[in-house]
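Lettering of chains follows the sequences in order, A, B, ..., and the numbering in each one begins at 1.
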Protein chains: 2
Amino acid sequence: MSLVVEGTRDSLIKAAIGVFSAKGFEGGSVREITQAANANQAAINYHFGGKDGLYREVLKASIQAFAELSPLDMDRLAAVDGPQAVETFIRTQLKALNRRDQLGRFMRIFTWETLSRSQVFTDFLAEEKLPVFAVAEIVVRKFLPAETERADLWIAIFWLLSQVETFIRPERLERPPYNLKIDQALIDRLGERLSEMTVAALSAWGSHGNADQRRSFSPASQAAPSP
Amino acid sequence: MSLVVEGTRDSLIKAAIGVFSAKGFEGGSVREITQAANANQAAINYHFGGKDGLYREVLKASIQAFAELSPLDMDRLAAVDGPQAVETFIRTQLKALNRRDQLGRFMRIFTWETLSRSQVFTDFLAEEKLPVFAVAEIVVRKFLPAETERADLWIAIFWLLSQVETFIRPERLERPPYNLKIDQALIDRLGERLSEMTVAALSAWGSHGNADQRRSFSPASQAAPSP
DNA sequence: GATCCTTTCAAACGAACGTTTGAATTCAAA
DNA sequence: TTTGAATTCAAACGTTCGTTTGAAAGGATC
């Protein structure tokens, strides 16, 4: 396969990442993607079998990108204390606010799936493990009692993931009524603020404990992760 | 205007609330709405001037619904202490998890607008004030230093609003990997948890204060609110 | 009953959608 | 140079979209 061919295929994936990030899978059109990639519409069916196949490739690319680019190493997080783990986690996620951040676009694609999950994404989750859940579990376990009910553990993971999820769209913070200017200073300030607040919140949870404590299950060992 | 006519118009609005809640403005189709309302497609143009006009009516209906149904009274919130205000705020918003909650559907419509803001919604925000921002300001001000920089105040408001935003879709919590069972017990437990954590987080912010404190602006007095 | 206005209807429009198709181009190997 | 495979192309397809249209039905008034 020549470089030109690799170029078309990669261009389509790259264009699709951008379009799906901005408009979601349903809202992003084949025509828009092929225009952005300078490719023929038929190329999507030729290379990927169709729009579904292209999206599947984009989701696979996200796994690879997170593995290569994300500094959220589980061993490193396990080795530090709670507050440090939270700060690393929060600041890493906030990098998505930087429009040039590659991982940010994948994260924004995932947010569309939280509102209305597509079949492609459902199938994708059934066969791939997103490491972000295991990472989040490591972080929250540093605060929660050792024997925490499974449902509570999932709530804590969900909550931790949600702490940054709403912040990863720069345009949302820049528009009225917030009118915030997204620059490195604000991102740093957000990282500091959110980390402090997250530590305080999780500490409050940990200090109250669970009156009704049952045998716990590790969510990280579950077969089907999801964002 | 006869009852039959009112019936069609109201049926369309009711159906549109459901469809836009599930699929957003772009994703919700005129055909799906008219089918759900047992009305003719042309009725949308006749009664509302088109899909945009229908959506505008839905957004107006949301303002009315929040005014009538939401117990978040600013005077009452102002009169209680911080933790009580937070708990009232959080538990009120979590009612959206109850599928029969009318306000929940409007809240879910708003979440679509956080990912990709429609022109109709932009215009709507330019002329209507959503009281939820003023309410959120009252709550966070109970924790923040009196002279808090305007950008920080907006960040705190954004953060408080985001604490429940990700929780208002029951299907999201029910699906893998969370697999939580949404019932009144879980909603109550969530209310307790999130309230505790929110108080702790905001208290942490308040206790650290601002080293660099400038003249503050009240966001609630801004001309252009948004969700 | 006739007239006028309001409302609803079935059908169709033009545009955009994802996909398909036969032809053309490009590339690699013999 | 020839041949075959891979890739791209322009055009068209059937479907769905929001909107429009003329006709029909319903309701109110005279």
Side-chain angles (χ1 to χ4, degrees), chain A residues 1-59 109 112-113 116 118-124, chain B residues 1-59 109 112-113 116 118-124:
Chain A
M1 200 182 277
S2 71
L3 288 176
V4 172
V5 170
E6 289 287 0
T8 302
R9 192 173 191 284
D10 288 348
S11 291
L12 284 169
I13 291 177
K14 188 168 190 167
I17 291 170
V19 169
F20 291 146
S21 171
K23 301 190 173 182
F25 173 64
E26 301 290 342
S29 76
V30 162
R31 279 168 174 75
E32 186 173 357
I33 293 168
T34 51
Q35 271 175 356
N38 256 337
N40 191 270
Q41 293 170 78
I44 286 189
N45 284 71
Y46 181 83
H47 287 285
F48 306 102
K51 189 184 181 187
D52 277 12
L54 172 58
Y55 191 46
R56 213 171 287 124
E57 283 301 316
V58 164
L59 296 176
I109 291 175
W112 285 97
E113 296 290 349
S116 177
S118 65
Q119 188 58 50
V120 178
F121 194 74
T122 299
D123 296 340
F124 174 74
Chain B
M1 199 181 275
S2 73
L3 287 176
V4 172
V5 171
E6 290 286 0
T8 300
R9 192 174 192 283
D10 288 348
S11 291
L12 285 168
I13 292 177
K14 189 168 192 167
I17 292 171
V19 170
F20 291 146
S21 172
K23 300 189 173 182
F25 172 64
E26 301 289 343
S29 76
V30 162
R31 280 169 175 76
E32 187 173 356
I33 293 168
T34 51
Q35 271 174 356
N38 257 336
N40 190 270
Q41 294 169 79
I44 284 188
N45 283 73
Y46 181 81
H47 287 285
F48 306 102
K51 189 183 181 187
D52 278 11
L54 172 59
Y55 191 46
R56 214 171 286 124
E57 284 300 316
V58 164
L59 296 176
I109 292 174
W112 285 97
E113 295 290 350
S116 177
S118 64
Q119 189 57 50
V120 177
F121 193 75
T122 299
D123 296 339
F124 173 73

Would you mind reading off the distance between [X] atom [atom1] and [N] atom [atom2], rounded to a whole angstrom?
X     : N      : atom1 : atom2 : result
A:R9  : D:dT8  : CZ    : C1'   : 16 Å
B:I44 : C:dT7  : CD1   : C1'   : 15 Å
B:F48 : C:dT7  : CZ    : P     : 12 Å
B:D52 : D:dT20 : CG    : P     : 12 Å
B:R31 : C:dC17 : CZ    : P     : 16 Å
B:N45 : D:dG22 : CG    : C1'   : 15 Å
B:Q35 : D:dC17 : CD    : P     : 9 Å
B:N40 : D:dA23 : CG    : P     : 16 Å

**Fill in**
Exactly one of B:I44, B:V19, B:L54 clears side-chain contact (heavy atoms from CB on, under 4.5 Å) with B:V30, and that residue is B:I44
**Among C:dG18, D:dT19, D:dA10, the one nearest A:A42 by side-chain distance** = D:dA10
**Asked** Among C:dG18, D:dT7, D:dA10, which nucleotide sits nearest the side chain of A:H47?
**Response** D:dT7
**Request:** Measure the acute angle between the ring planes of B:Y55 and B:F20, then classify it against the limits of 30° and 60° as parallel, tilted or perpendicular.
**Result:** perpendicular
**Item:** Nearest heavy atoms of A:A37 and A:S11, plus distance in Å
**Value:** CB-O, 3.6 Å
**Fill in**
Taking for A:A39 and for B:S29 the nucleotide of DNA chain D with the nearest heavy atom, the one nearer the 5' end belongs to A:A39
**Asked** What is the nucleic acid contact for B:G28, judged by heavy atoms within less than 4.0 Å: base, sugar-phosphate only, or nothing?
**Response** sugar-phosphate
**Prompt:** Atom CD1 of A:I13 and atom OG1 of A:T8: how far apart are they, to the nearest 0.5 Å?
**Reply:** 11.5 Å
**Item:** OP1 or OP2 of C:dT8 under 4.0 Å from side-chain N/O of B:T8
**Value:** yes
**Prompt:** salt bridge (charged side-chain N to carboxylate O under 4.0 Å, His left out) between B:K23 and A:E26: does it pass, once the steps are laid out?
**Reply:** CA-CA 10 Å; B:K23 300 189 173 182; A:E26 301 290 342; over 6 Å; no
**Prompt:** Which sits closer to the 5' end of DNA chain C, B:Y46 or A:V30, going by the nucleotide each is nearest to?
**Reply:** B:Y46
